[in-house]
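Note sheet for the following structure.
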Amino acid sequence: MALASAAQAQTAAPPADAVDPAADAAPLAEGDIVVTAQRRTESLRDVPIAITVVNGQSIRETGATQLADITQRAPSLNFTATPGVPNFAIRGVGTNSFDYGIESAVGIAVDDVNITLPRFVPLNSLADVERVEVLRGPQGLLFGKNTTAGLISITTARPKLGERSSSGRVQAGSRDQVQAQAVVNLPIASNAALRVSGGYQYQKPSTQLIGPGRLDPARRYFGTAKLLWEPTDRLSLYAIADYQNNSGIEAYSTIRRFGGNDPTPIPAAFRPFAPPNFVRVQNSALGVIASPTNNKTAIGSTNVLRDERSFGAQLSASYDAGALTITSVTAYRDLNARANNDVDQTPVAFFDTNIANSQSYQLSEELRVSNNGSGFVDYTAGLYFFRQQIDAQILQAGTFGVFPASAPLRLSPINGQSNFDYGTKSYAGFAQLTFNVSPQLKLIAGGRYTWDDINSTTNVTAVPGVCNLVTFLLSGGGRCVGTLAAPLIANRKADGLSARVGIEYAIAPTANLYATYTRGYKGPAVSSAAGIAFGVDPENVDAYEIGAKLDLADRRVSLNIAGFINNFRDFQAQVFDPALNGELGTFRTGNASELRTRGVEAEAVVRPLSGVSLTGGVTYLDTRYGDYNVACYFGQTAAQGCSLPGPSFNAAGSPLVGASKWTTSLAANVDQPINDDLKVFVNADWRYRSSFYYAINDPSTIQDGYSLVNATIGIGDINDHARFSVFVRNLFDKRYAAAIYPGNFSAGQYVQTLPDNAFRRIGAAFEWRFLP
């Protein structure tokens with residue numbers, strides 16, 4: 001039988017003070033997997049949505065350090081660790097865009113708040129995570145906005161009333177990895193509690209630098225304070241403040257395949273310091289051997305920089321008014337980020353400056369009401385306001401081989417620094433109704449109306465010591481900067497409707513069937529590239545899903561199966577525009593006319609004995625682009641479709657980038673006593689992905705299928721006060737790429753990123769949990 005991932009999920013109702021009082025639903029029984037996918041606490045079996053639940057403790061035990069590691073136990077979820085542009089995809093669909101104003105089709109919500117800041121994954125640690133729910137299909141009806149492919153909903157542990165406790169974990173592993181985190185829970189009154197957590201992570205890059213530059217190790221600091229106060233038995237106030245600081249890198253790009261002569265439009269006579277084949281010559285001289293397993297990079301004329309700092313605060317207030325509960329969630333988060341990449345893949349200064357700085361913040365307010373208990377109609381309804389401001393600056397420059405690296409002057413594809421001022425306001429009203437027609441039959445209907453207002457200003461400013469490449473060459477070095485264009489203002493306003501209808505039928509007390517139709521909506525955007533603004537139309541999806549959720553053998557076996565068809569229109573996708581940047585080309589975001597995904601998923605959890613659980617899963621996925629003109633890949637002939645202007649080709653019928661046809665996972669958790677005082681625990685998981693493309697139809701960007709295996713074994717006292725374990729991640733040291741893309745300055749060259757998880761890590765950890 002095909003099984004799909006669930007991982008070790010929470011399997012009992014949480015304490016009364018650990019859930020939103022608005023979320024009273026049917027009573028939870030021992031063995032039920034708890035989720036809040038519909039903004040109320042329910043058994044996974046009773047929610048007509050395909051969901052994978054990953055328990056925070058079980059994933060931490062494998063040595064996992066960040067949110068992206070949950071993909072090991074969620075077959076339908078993938079993560080692309082492209083430097084500077086992290087990207088999640090669900091059922092093969094994600095938004096891989098360099099544009100600051102393009103939101104992802106896969107949403108991320110932390111403790112009820114959607115996080116949409118650009119190029120940012122909000123959790124740099126799994127320190128106090130209680131569970132992660134991966135919701136497949138459009139989720140924009142109840143969770144914020146723009147989640148046309150799915151949602152990653154993260155729930156962290158709430159303060160516990162009346163409990164004084166502490167817990168933590170110290171972990172050390174290969175490549176000088178060190179991780180330490182601690183949590184303290186303090187009662188400050190009979191009806192109030194404070195929970196404080198913090199930690200630090202350090203590890204060296206997995207990429208070997210052999211050039212003269214520097215790759216700084218990854219360092220992450222974080223701290224969170226949470227206050228829960230229940231002044232009356234009807235009112236609950238929950239406040240969270242957190243700070244995150246990430247710097248350095250885990251891995252950097254390397255050369256997968258050398259190419260031939262420069263394709264740059266700069267004539268060889270004008271670039272004496274970058275002769276033909278300079279990429280191959282410079283790298284070969286330092287011992288770089290291009291291959292799919294190459295982990296050496298010869299960059300170094302400038303240092304690679306990654307630095308981001310984020311602060312967030314939120315206040316949730318819930319009031320039990322008897323028949324209903326009123327909930328308000330007010331949240332703020334900001335982000336300051338700096339980055340610089342060496343673009344040319346050589347130790348010389350050909351194109352070594354790619355500085356991207358941004359300052360952004362988001363503010364949101366959600367007010368919703370939900371009925372208490374269960375009647376003929378269960379409902380959740382509310383209003384939502386969202387505001388986001390992004391200011392970004394990009395400077396790209398180098399010598400381009402026109403003069404030596406020692407020269408003080410640098411050349412830029414445009415007139416200097418590109419500046420983006422991007423503001424978004426979004427308003428929405430939503431409601432979902434569940435009609436309990438009979439004890440067996442439920443009908444679901446809901447809708448969300450969204451109105452978006454976007455204001456974008458793009459301009460280019462001159463930078464001392466930086467000349468425009470084209471102006472400089474055409475004038476024979478007589479002119480430095482061309483005419484600076486006036487600021488380009490582009491505004492977009494649009495409204496859209498998300499909707500959901502469905503039916504759920506209980507064929508037994510612990511067995512449900514369901515069928516749903518969901519219309520997802522993702523608002524418009526403005527794409528800014530090379531000082532020019534392009535309008536991006538809203539994205540829509542029609543999603544159809546049927547499924548079954550079964551708890552069998554006295555809840556010792558849980559089996560969930562889903563089949564789905566998703567039809568996207570005007571999908572917001574990355575395109576390469578060769579006419580920009582003085583015909584050097586650059587990426588911008590446009591619309592593909594349509595794309596389609598369809599497939600089958602199954603997941604199962606088996607609990608044959610107390611303290612033993614087995615989970616497993618499979619996702620079969622078939623994806624296709626509709627009409628979508630993209631740049632031709634290297635070596636593509638007219639017979640292979642490269643016959644349109646650009647040159648470009650129509651990708652209709654091609655599989656989606658990053659979409660594997662098959663993904664499977666298995667996990668086992670064993671926790672057994674060996675005497676009255678001690679017990680042993682074993683935790684292992686395996687994940688397989690079949691082959692897929694990193695660029696549309698380009699055979700040079702195929703990532704072959706691969707498997708990853710993680711394992712942990714440990715010993716602890718019977719009450720889990722102290723636990724010691726050893727772990728291994730990527731047991732068989734399997735190499736794979738997190739990104740493959742064409743190089744910039746050598747025809748036929750391809751570049752890749754081998755992520756940190758593509759290398760074996762062995763380590764040990766000590767955990768503690770103290771109660772009075």
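The basis for the numbers below is simple: all heavy atoms, side chains too, and nothing from hydrogens, waters or symmetry mates.
- Considering every non-hydrogen atom in both Y200 and Y221, the closest pair reads CD1-CE2, 3.4 Å.
- Nearest heavy-atom pair, A251 versus P755, reported as atom, atom and distance to 0.1 Å: CB-CA, 4.0 Å.
- For the atom pair L708 CG and T71 OG1, the distance stands at 8.0 Å (nearest 0.5 Å).
- The number of heavy atoms from other shown groups lying within 6.0 Å of CG (D676) does not exceed 12.
- No side-chain donor-acceptor contact under 3.5 Å links D69 to the backbone of I59.
- By the 4.5 Å heavy-atom criterion applied to side chains, R45 and R555 are counted as neighbours.
- T155 and E133 form no side-chain donor-acceptor contact under 3.5 Å, judged by distance and modelled atom types alone.
- In this structure, K204 places its NZ atom where only 12 or fewer heavy-atom neighbours from other residues, nucleotides or ligands lie under 6.0 Å away.
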Full working for side-chain hydrogen bond (donor to acceptor under 3.5 Å, both in side chains) between D704 and S691: CA-CA 4 Å; D704 293 333; S691 62; 5.7 Å; no
Go through the steps to decide whether F732 and S707 satisfy the test side chain to side chain contact (heavy atoms under 4.5 Å, CB included), and finish with yes or no. CA-CA 9 Å; F732 299 105; S707 294; over 6 Å; no
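- Among all heavy-atom pairs drawn from P292 and L754, the shortest one is O-CD2, 3.8 Å.
- Between the side chain of R175 and the backbone N or O of R760 there is at least one donor-acceptor pair closer than 3.5 Å.
- R761 places a side-chain N or O within donor-acceptor distance of the main-chain N or O of S174, the cut-off being under 3.5 Å.
- For E61 and R723, the salt-bridge test passes: some basic side-chain N is under 4.0 Å from an acidic carboxylate O.
- Listed for the N675 side chain is a donor-acceptor partner under 3.5 Å among the backbone atoms of D677.
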Test side-chain hydrogen bond (donor to acceptor under 3.5 Å, both in side chains) applied to R687 and T663, step by step: CA-CA 7 Å; R687 188 177 197 250; T663 309; 5.1 Å; no
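- Using modelled atom types, no side-chain atom of N78 and backbone atom of A89 make a donor-acceptor pair closer than 3.5 Å.
- The two residues A50 and A562 make their nearest non-hydrogen contact at CB-CB, 4.2 Å.
- For the pair D128 and T224, the minimum side-chain heavy-atom distance is 4.5 Å or more.
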Let's go through Q752 and Y694 carefully: what are the C-alpha distance in whole Å and the side-chain angles of both, what is the deciding distance for side chain to side chain contact (heavy atoms under 4.5 Å, CB included) to 0.1 Å, and is it a yes or a no? CA-CA 10 Å; Q752 64 193 357; Y694 272 119; over 6 Å; no
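- For T254 (side chain) and N295 (main-chain N/O), no donor-acceptor pair under 3.5 Å exists by modelled atom type.
- Two residues are said to be in side-chain contact when any heavy atoms from C-beta on lie closer than 4.5 Å; T664 and W686 meet this criterion.
- Summarising the local packing, CD1 of I289 is surrounded by 12 or fewer heavy atoms from other residues, nucleotides or ligands at distances under 6.0 Å.
- At distances below 3.5 Å, not a single donor-acceptor pair connects side-chain atoms of Y736 with backbone N or O atoms of G705.
- Note: D216 CG to I249 CD1 = 8.0 Å, rounded to the nearest 0.5 Å.
- Using a 4.5 Å heavy-atom threshold, the side chains of I240 and V113 count as separate.
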Full working for side chain to side chain contact (heavy atoms under 4.5 Å, CB included) between S58 and N683: CA-CA 7 Å; S58 67; N683 188 319; 4.1 Å; yes
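- Remark: the backbone N or O of S690 is not paired with any side-chain donor or acceptor of K661 at under 3.5 angstrom.
- Between R769 and E767 there is no salt bridge, since none of the side-chain N atoms of the basic residue sits less than 4.0 Å from a carboxylate O of the acidic one.
- Here the side chain of R735 pairs a donor or acceptor atom with the backbone of A758 at under 3.5 angstrom.
- D307 and S247 share no side-chain donor-acceptor pair at under 3.5 Å.
- Contact of the T52 side chain with the R136 side chain is registered, since non-hydrogen atoms from C-beta on lie closer than 4.5 Å.
- E601 has a carboxylate O that lies under 4.0 Å from a charged side-chain N of R91, or vice versa, which qualifies the two as a salt bridge.
- Here I49 contributes atom CD1 and L135 contributes atom CG; the two are 5.5 Å apart, rounded to the nearest 0.5 Å.
- Remark: the backbone N or O of E163 is paired with a side-chain donor or acceptor of N185 at under 3.5 angstrom.
- Checking Q203 against Q201 by side-chain atom types alone, no donor-acceptor pair falls below 3.5 Å.
- Distance OH/Y688 to NZ/K734: 10.0 Å, rounded to 0.5 Å.
- Electrostatic pairing of K679 and D720 counts as a salt bridge here, judged by a charged N lying under 4.0 Å from a carboxylate O.
- Test K226, Q314, R333 against D242 for side-chain hydrogen bond (donor to acceptor under 3.5 Å, both in side chains) and you get one pass: R333.
- For the pair R556 and P608, the tightest heavy-atom approach, listed with the atom from each and the gap, is NH1-O, 3.6 Å.
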Step by step, work out the side-chain hydrogen bond (donor to acceptor under 3.5 Å, both in side chains) result for Q177 and Q179. CA-CA 7 Å; Q177 184 200 57; Q179 175 176 292; 5.4 Å; no
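- If you take CG on L209 and OG1 on T207, they are separated by 9.0 Å, rounding to the nearest 0.5 Å.
- Looking at K296 and N283, their side chains never come closer than 4.5 Å, going by heavy atoms from C-beta outward.
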So T156 and R195, side chain to side chain contact (heavy atoms under 4.5 Å, CB included) or not? Walk me through it. CA-CA 11 Å; T156 66; R195 190 177 184 91; over 6 Å; no
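- Side-chain contact check for Q171 versus R60: every heavy-atom pair is 4.5 Å or farther apart.
- The shortest heavy-atom contact between G92 and L656 is O-CD2, 3.4 Å.
- Using a 4.5 Å heavy-atom cutoff, the side chains of F79 and L67 are not in contact.
- By the 4.0 Å N-to-carboxylate-O rule, E250 lies close enough to R220 to be salt-bridged with it.
- From I154, atom CD1 reaches atom CG of D111 across 8.5 Å, with rounding to the nearest 0.5 Å.
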